[in-house]
Structure formats: structure tokens, C-alpha cells
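These numbers come from the heavy atoms of this one structure, side chains and all, not from hydrogens, waters or symmetry mates. Each chain gets a letter, A, B and so on, in the order its sequence line appears, and its residues count up from 1.
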Amino acid sequence: MANRFNALKADAHWQGVWDERRTFAADDHSAKPKSYVLEMFPYPSGKIHMGHVRNYTMGDVLARYRRMTGHEVLHPMGWDAFGMPAENAAMEKGVHPGNWTRANIATMKAQLKRLGFALDWSRELATCEPDYYGHEQALFLEFYKAGLVYRKESAVNWDPVDMTVLANEQVIDGRGWRSGALVEKRKLSQWFLKITQFADELLDGLGSLEHWPAKVRLMQENWIGRSRGLQFRFALSNDGSVEVFTTRPDTIYGASFVAVAADHPIAQALAAENPDAAAFVERCKQGGTTAAELETQEKLGFDTGLTAAHPLGAVDLPVYIANFVLMEYGTGAVFGVPAHDQRDFEFATKYRLPIRRVVADGDRTDPTFDDDAAYIGAGVLVNSRELDGMSVEDAKRAVIARAEEAGWGEGTTVYRLRDWGVSRQRYWGTPIPIIHCAACGEVPVPREQLPVVLPEDVSFDVPGNPLDRHPTWKHVACPSCGADALRDTDTLDTFADSSWYFIRFASAPEDKPFDKAVAASWLPVGQYIGGVEHAILHLLYARFWTRALRHVGMLDVAEPFTGLFTQGMVTHETYRLDIPDHDGPPAALWVSPSDLTVGEGGVLSFETPEGASIPIIRGRVEKMSKSKKNTVDPEPIVDQYGADAVRWFMLSDSPPERDLEWSENGIEGSWRFVQRMWRLVDAEAQPGDGADVALDRKLHQAIAGIAADIEALSFNKAVAKLYELTSAIEKAAPSTSRAQAVDTLLRLVAPMVPHLAEEAWAARGKAGLISDAAWPDVDPALLVDDEVTIAVQVNGKLRDTLVMVKGATKDMIEAAALASEKVVRALEGKTPRKVIVVPDRLVNIVA
RNA sequence: GCGGACGUGGCGGAAUCGGUAGACGCUGGAGACUUAAAAUCUUCUGCCCUUGGCGUGCGGGUUCGAGUCCCGCCGUCCGCACCA
């Protein structure tokens, strides 16, 4: 046994052994309890980054621990391989998106393998391959058949230079992020998935997800945004009518106007014949949508000249077009109650509309309202005829009941959630398996013609969608009538790909998306780990997709992920060149940590190739990003320190849900600990004999504590306990206990530093792999100490501590405490009035 | 604006039920080994006026006892954003 751990050699050796023996392949037919551990699969952007390393290390510790505790573990890995960066690379470098993506996958797979993750690579998948997306097309058509897919005109962000649709995130200050062109709103026919049909289920289902962070559940709840209220129709003075929705039907007698959105049909109709109205509508559209703009934007209206008849016979209300009413929410029209809604209050103030109090604010019941803000609190109804004296809640119910009885309105539920638009005018995605026929309309691609495969011969030298311009691809015969027809040339949003990959991991037959029974034997995912940036979209879409599959009878699973953990980011200090009068782009000033020179006293500088030295300003600690140039590439770090030191660092110090700051000192410390454990094992070559009960106790307390910490994903606490245990073993004299403790320590650290553990396990002549070893058993008798330290307080202040046998009686403890010299001194001759004794913990003497 | 989380040494953090605040790691100091350095080992490291006093953002409260519970502030971060 060498006295130094050669990580590079050990890493390669044991990774080879695991591969060869298929150690981490999951057996569908195992009799053991099944455990599905999953980390969010990566986008193959080129190289792995520290965020991946942290994410996958956490999942790996849990997966390895679960194996050791007797579970059949499914821990797979794959690639979220469709998406825009591949097309951007194609435009910039002239490479085919497929070649670029597959090369990246090869690189990143090799990098992940070097970290020794316990992954079942036999289940690897890439969403960009027809054997994945073909099945996705089949699922899309199942949803289509079940009426969960429909097509509708919808406004999109259109980049006129790149001739493509942009996601909202890609529009920066109204311009396309690549082209810089002013983005237009354009109406396009788009496919939608009916996620709103599941709004209630998705909202109510959150209640069952007790192992999800409360924050994520709340974010989804707000995103779905369920509101109950009254929807009803106002008769208009032009014999038309307008439908409005309100969550405050109780305030109906306080209404003083009706407002419709600028793109509401009533506004559109008026704009068509009245140039002033048209100008106002146009002005509304130009309004900014950023936070700051909305905050300061004035409430503006245009009087249509129409009036609306109050359904309960109060005065007629003027109808306005208003810039603050959204067409997308509710009915696109509201009634305004200025006294009890802040926006209505501002609007009414500007246009001198009546402001009438209908909810008492404490003892203020006067109909005249002269506060400078709306009153939105609870109270008793006033100035509201038959509603007077009711609470807000009672009045809401009363008005809804009355509306339903009289037939002019009904209680309804409205959601903030909209249906999921999935059409993308892009090449590198799953082709939408629909054919458009002049005679037959939309025709699904017949099952036997799936997959609809992307054409390889595409070019990106001109803007626009290569699928649409391809000379032959879109021309097909209509499956229904045989006439010339056209394929849909849009592809699916890549969030569709990630909405079911965890099911395909569990079961991947060739002839169908998955086998219902096999998939259900693994699902739901017991522990899902990923970044909080997916708290809403990905996690909501995957929940929807799973429920939609249940709806069509393909899978009996309600929730895909019963446990969710959102890990923190990996951060690093930032560095900037100290050039006072720099007039170039500020981004040019950032300097990568690897380009710094450390001078005397830790002073940082940047040496130019010409030999000049520029001082450096240390910036904030921020998420590693290319733009701030504060990334640290994992690969050379693994080369230098080995996989185990990197893994150990990822688990140390910071709680997993918080940010972890990368530091040179930190990785050095981890490397030292790996070597220290190795020396400990090495020195144990000649074991002593005899028992060491104190060490046995520490060991068993560590086994129980570390198990609890890993199960709670509190890796930083488990790491601290392992440091303590290692120190305790180092300090212990040779004994059989000590020799056993070393063997046990190896099993306890095996999930975290598996290469070291295997190497040491083999060196100590143990049979088999430590990866297949069982987690050590705990002897409950050794968990309790026979001696305890008892704190002695006088008036709540610590004065002494006593070491006593565990289980000493209150009288014994009290007597011992009162006998303490330090206590006598602290009492200063006073007589104790009261003595509180908490057995085995503390005594508090009150004087 | 609405919703939520958090605030503990020089730093990351621990304290699971209201019971010895600061485990463990990093940084730093001192020493041992060494011709020397690295590595390693030992030891100290919250603050101060050190038989003691003060300390968990600030101010109150409950309690024998509060980092932990309650009330009111201040600060930081995150999400949503004219959602009727």
C-alpha cells in the first residue's frame, strides 16, 4: 500500500471496474424496494460546469447511500439535446446542429464519467434522436386524440431580421437579442396544450407534495393563480353587451365605470370608425411592459360614449377603454369600484368619476370617500341597499346567488395560467406530427409513419426556419385523401422533451414510449434534484404531462416527483481590471481567475503579453458565468486533485440549498482530507487488540447521525461528522475497535469519495466492491453515553458544568450543583428560591 | 406594490423539542519535525476593561431559561408584477 493516494490512477481503475461489472445498472425485476433518484438532465452546451458537478454529486451520494441501504436504485443520465444554442452554433460556425450537439454530448459524457457517478449509462437517452422524439410525437398525437391539443391564432414576438419567433426572455428592450431588430407582435397559428384543463388538479395536487420546498409550491400556486368570483353581462346603450369578471361582487353598488382592454372587441370596433379611439388603442399598445414602466405608468382611459346598465338597478355606468385592463385575463373587461381598488381609484381620480364607499373602514360609513388611497380591507357593507350590514364574504355569496337566480351572471373561477403554446418556428426540435391538407384540414401523421424525422440537409446561411424552406421535406401526400399536402413545419417547445424523459428512463421499449407497468414500478421519482430556476415552467409542464398521460389512460401516476430539492448555485469572486477612464464596453474589463497573477500580500494583477501589469479590483461573489468570466472549469481541477476531492468539496461547508463559493483553499482542504483518510487506513495495517468502548460509541453515533444527514440531504452536516469521526479514530490507541472503526469509516464515506473507499477497501483485503457493501448497522445500545455533562446555571447564567452518570435523579443533580464552589460563589450567600432540574441536561438555580 | 425567505466570529456554517451559542471546515498565530522548504503533527484563534463582563441585525415582550416563541422596526436576497 502506497502512503499517498494516487487519485488519477484509482479513479480510472475503479471507474473501469464499475463499468465492466455494470455495478450501477438498475434491474427492473429486482425484489428489493425500488428507489428512483434523478437530477435534472443537462443541456449539452459543450462542457460540464461546476453547477453540474454539484448537482450530480448530491444525487450520487443519495443514490449510492440508497444502494447501500438495500434499495434497487434507478439513477440515470441523459441529454436535453434540442434547443437554440445548437442553431446559433450552426449560424455562427457553419456546423450542423446535430453534429455540434452529439460532439458536445460525447465530451460531457466523458467528463461526467471522470467524476465517478453511480449512473446507469445503459439507459442514456438524448432527446434529439428519433428513438426519443418519435415517441414524443406519438404522445402528442395521443393528447390530440383526447382533445388536449388545439390550434389557435396567437400573438408572438417576431424578429423581422432573423425571421423567427422569439421567446419573451429573448426580447431585450423591445429588440431581438441576436439581430437587435425591433420586435413585432405578429399573429400566428400555434399549437396549444390544454394545461388549463388541469389547473385545479395541478393546484390541489401541490397539497400532496410535502417533500417539495414550500417556496416552489407557493410559486406554482401563484403562477396558476386561481381566483373565484362573479362573471356577468352588462347591457350597453347600443344594444350590445359586455361581459366582466370580478372577485369583488360585494362592491357592485360602488361601481362607477366599466373599462375594457385596448384589444377588446368593443375597443376594436370603436377604433375602426373613430380615429381618436384608434389613436388611443395604438398608444396603449406602445406602453412599456417592464416593471419600472408599469409602476409609474399613468392610468389612461378613452370614453366610448356608451353606458352600461347596472344589473341591480343602480345608476348607468360610463364605458371606457383603459390601458390598465388586460385582454388575456378574465374577460378583458372590468367594472371599476374606485373606493375599494387602487387602480380604479387612480383612474376615477383622473377622470373625476364618483368614488363611493360601500365597505365600512372601521366606523367610517359615509358614502363620500376622501382618502388618498383605496380601502381594500375587510369590513361591513354600507350604502349598498339590501347588502348593508353583511360582511364582505357574505355579500360576495349573496350577490353571486342573486345573479344566478335572476340569470344575469354566475359564480366562476378564473386562472392566471394560460394554455401552453408549444409551436416554435425552429429547426432543432421535435417536428410536430401534423399534416395540413386543403381538403381534410389538420390530419395527424399515422402511427406507422412515425417518427417524423428531421431532414439532415439543411442550411442556416439565410434567416428563417430551415424546415419551412427545405425543398422537399414538407411536401407529403395527405394520409386521409392522398392529395398533395404540407407538413407542419414548426417544432415543439423543448420543454415538451423534458416533460417525460424521466418516464422513458424508467422504461424504454422500442415500439412505444414506455411500458405502463414497468414505468409505474419505478415512478414517481422519489428524489428529484435541480436548480430553482425550473421551479415553475419545467416542473409545472412535467406535472401536467404526467396528469395528461393519466387522463388518456397511459400511466397511473398522478405526480411525477414526490421529493424535490432545489440546490444552490456555485459562485466565485469576480475580478475587474482597474482602468479608471476605460471607454470600451464594461464587459471587457472582467478577468478570469486563471489569468490573474498573485503578488506579495495577495495583491492581484493582470500581466499583459507586452509585460505591463494592470491592477485588479476584487468584485462581488456571484454565480459563475461566462459574462463575468468568473467560471472555474471542473476538468483541470479533476486532473489536479482527483474526483473525490472535487466531490468532497461540493458537499462541504455550505448547506446544499444555499450558494457554494468556489475557492482554491477549499479544494486544497478537501484534497488534504482525502490524503488524511488514506494515511489513516494505511497506518491501520497492524491492528491492535482489545475493545475501546468510547470509540465504539463515537462510531455508532456517527453511523446513525450521518445516515440521518444524508437522508435529509444535509451533506454539510454529514461531512462535519465524518471529520470528527476521522479525528477520533486518529487519536485512538490501537485496538480491535479501532480496526473495525476504520472499515466502518470507509463505508460511511463511500457515497462521497467512492474511489478512495474502493481502493482502501481492496487494500484492506475486503471481498467485493464497497459500492456493493451494506451500510453499517447501528447498535442502539452504543448510541447513548453512560456519562453526561450537565450545565449548571445560576439565574440563567452558566457557572459550572458537572459530569454525572446518565439517569441521575433530580435530587442527586441538585445536590451536586449546590455543592459546586463556583455556584456558591455566584450565589453570594443568597438562598436559592427555586431550582429547575432538567435530567441529563442542566440545572438552573434561581436566587 | 404583492408574496416569500433569511440576518450567528475575519469567512462558510453548526446548535433537530425553548436548556452549556460558535461543532466542523477555511483563514490566521505559536510550536515540533527538517540543513532548509513543502508535506505532516501539536496547540491557540467571538469581543472586552479577564476571579469577571458582553455577545446570534435593532427595540420591546413571554419564560427559571430565548439564536430558537410573540410584537414592532431595520437590512439583504428571491419570486410575481396593472391578474380585476
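- A:W408 does not carry A:R233 over the face of its six-membered ring by the limits of under 6.0 Å from the centre and within 45° of the normal.
- Side-chain contact between A:F232 and A:I252: present, with at least one pair of heavy atoms (C-beta onward) separated by less than 4.5 Å.
- Across all strands, A:N795 comes closer than 4.0 Å to no nucleic acid atom at all (heavy-atom distances).
- A donor and an acceptor atom, one from each side chain of A:S384 and A:R356, are nowhere located under 3.5 Å apart.
- Partner assigned to B:rU68 is none, using Watson-Crick or G-U wobble distances below 3.5 angstrom.
- The heavy-atom pair separating A:F234 from A:V258 by the smallest distance is CE1-CG2, 3.7 Å.
- Comparing B:rU27 with B:rG12, their P atoms are spaced 15 Å from each other, to the whole Å.
- B:rU40 is paired with B:rA32 under the criterion used here, namely a Watson-Crick or G-U wobble arrangement in which both key atom distances are under 3.5 Å.
- The aromatic ring centres of A:W648 and A:Y723 sit less than 6.0 Å apart.
- If A:S654 and A:S670 are placed on RNA chain B by their nearest nucleotide, the residue sitting closer to the 5' end is A:S654.
- At a cut-off of 3.5 angstrom, the base of B:rA84 holds at least one donor-acceptor pair with the side chain of A:R343.
- Comparing B:rG67 with B:rG31, their P atoms sit 38 Å apart, to the nearest whole Å.
- Under 4.0 angstrom from either OP1 or OP2 of B:rC83 there lies no side-chain N or O belonging to A:T247.
- Using C1' as the reference atom, B:rG1 and B:rC70 are 28 Å apart when rounded to the nearest Å.
- Here A:K396 pairs with A:E393 in a salt bridge; the nearest charged N to carboxylate O distance falls below 4.0 Å.
- Relative orientation of the A:Y351 and A:F347 rings is tilted, given thresholds of 30° and 60° on the angle between their planes.
- Taking atom CD of residue A:Q231 and atom P of nucleotide B:rC83, one finds them 18 Å apart after rounding to whole Å.
- Residue order along RNA chain B, read from the 5' end via each residue's closest nucleotide, puts A:A720 first among A:G796 and A:A720.
- Between A:Y329 and the phosphate of B:rA84, there is a side-chain N or O to OP1/OP2 separation shorter than 4.0 Å.
- Taking atom CE of A:M677 as the reference point, atom C1' of B:rG25 lies 14 Å away to the nearest angstrom.
- Nearest heavy-atom pair across A:A255 and A:F335 is CB-CD1, 3.5 Å.
- Between A:D341 and A:R248 there is no salt bridge, since none of the side-chain N atoms of the basic residue sits less than 4.0 Å from a carboxylate O of the acidic one.
- Distance alone, capped at 3.5 Å, is enough to place a donor-acceptor pair between the A:H340 side chain and the A:V359 backbone.
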- Query: Base, backbone or nothing for each nucleotide of nucleotides 52-57 of chain B, written B, S, -, heavy atoms under 4.0 angstrom, 5' to 3'?
  - Reply: SSS---
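- Using the Watson-Crick or G-U wobble rule with both distances under 3.5 Å, B:rC6 pairs with B:rG75.
- No contact: A:V835 has no heavy atom under 4.0 Å from any strand.
- Comparing the C1' positions of B:rG65 and B:rC17 gives a spacing of 15 Å, expressed to the nearest Å.
- A donor-acceptor contact closer than 3.5 angstrom is absent between the side chains of A:D659 and A:T571.
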Can you tabulate the close N/O pairs, meaning under 3.5 Å, that link protein atoms to atoms of nucleotides 40-45 of chain B?
unit_1	atom_1	unit_2	atom_2	d
B:rU40	O3'	A:R679	NH2	3.4

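- Distance A:K623 NZ to B:rC77 C1': 15 Å, rounded to the nearest Å.
- Between A:L230 and A:A403 the shortest heavy-atom distance is CD1-CB, 3.8 Å.
- In terms of phosphate contacts, A:R226 brings no side-chain nitrogen or oxygen within less than 4.0 Å of OP1 or OP2 of B:rC83.
- In this entry the distance linking NZ of A:K299 with C1' of B:rG1 reads 10 Å, nearest Å.
- Within 4.0 Å of A:F245, counting heavy atoms only, lies at least one base atom of the nucleic acid.
- Across B:rG9 and B:rC24, the matching C1' atoms stand 14 Å from one another, rounded to whole Å.
- Across the protein-nucleic acid pair, A:F673 atom CZ and B:rA39 atom C1' stand 17 Å apart, rounded to whole Å.
- Atom C1' of B:rU68 sits at a distance of 15 Å from the matching atom of B:rG61, rounded to the whole Å.
- Base orientation of B:rG9: syn, the glycosidic angle falling within 90° of 0.
- Put simply, CZ on A:F335 is 21 Å from P on B:rC82, counting in whole angstrom units.
- Taking the C1' atoms as reference points, B:rG28 lies 33 Å from B:rU16, given to the whole Å.
- Pair assignment for B:rG1: B:rC80, on the basis of Watson-Crick or G-U wobble contacts that are both within less than 3.5 Å.
- Base orientation at B:rC17 is syn, since its O4'-C1' glycosidic dihedral falls within 90° of 0.
- Comparing B:rC64, B:rG13, B:rA23 against the side chain of A:V846 picks out B:rC64 as the nearest.
- Between A:W662 and A:F649, a ring centre-to-centre spacing shorter than 6.0 Å is recorded.
- Nearest heavy atoms, A:L417 versus A:A199: CD2-CB, 4.2 Å.
- Spacing between B:rA38 and B:rG53 at atom C1', rounded to whole Å, works out to 44 Å.
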Quick test: give all pairs of protein nitrogen or oxygen and nucleotides 14-20 of chain B nitrogen or oxygen below 3.5 Å, distance rounded to 0.1 Å.
unit_1	atom_1	unit_2	atom_2	d
B:rA14	OP1	A:N716	ND2	3.3
B:rA15	OP1	A:K717	NZ	2.8
B:rG19	O2'	A:R841	NE	3.1
B:rU20	O4	A:T789	O	3.4

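- One can place CZ of A:F715 at 18 Å from C1' of B:rG12, the figure rounded to the nearest angstrom.
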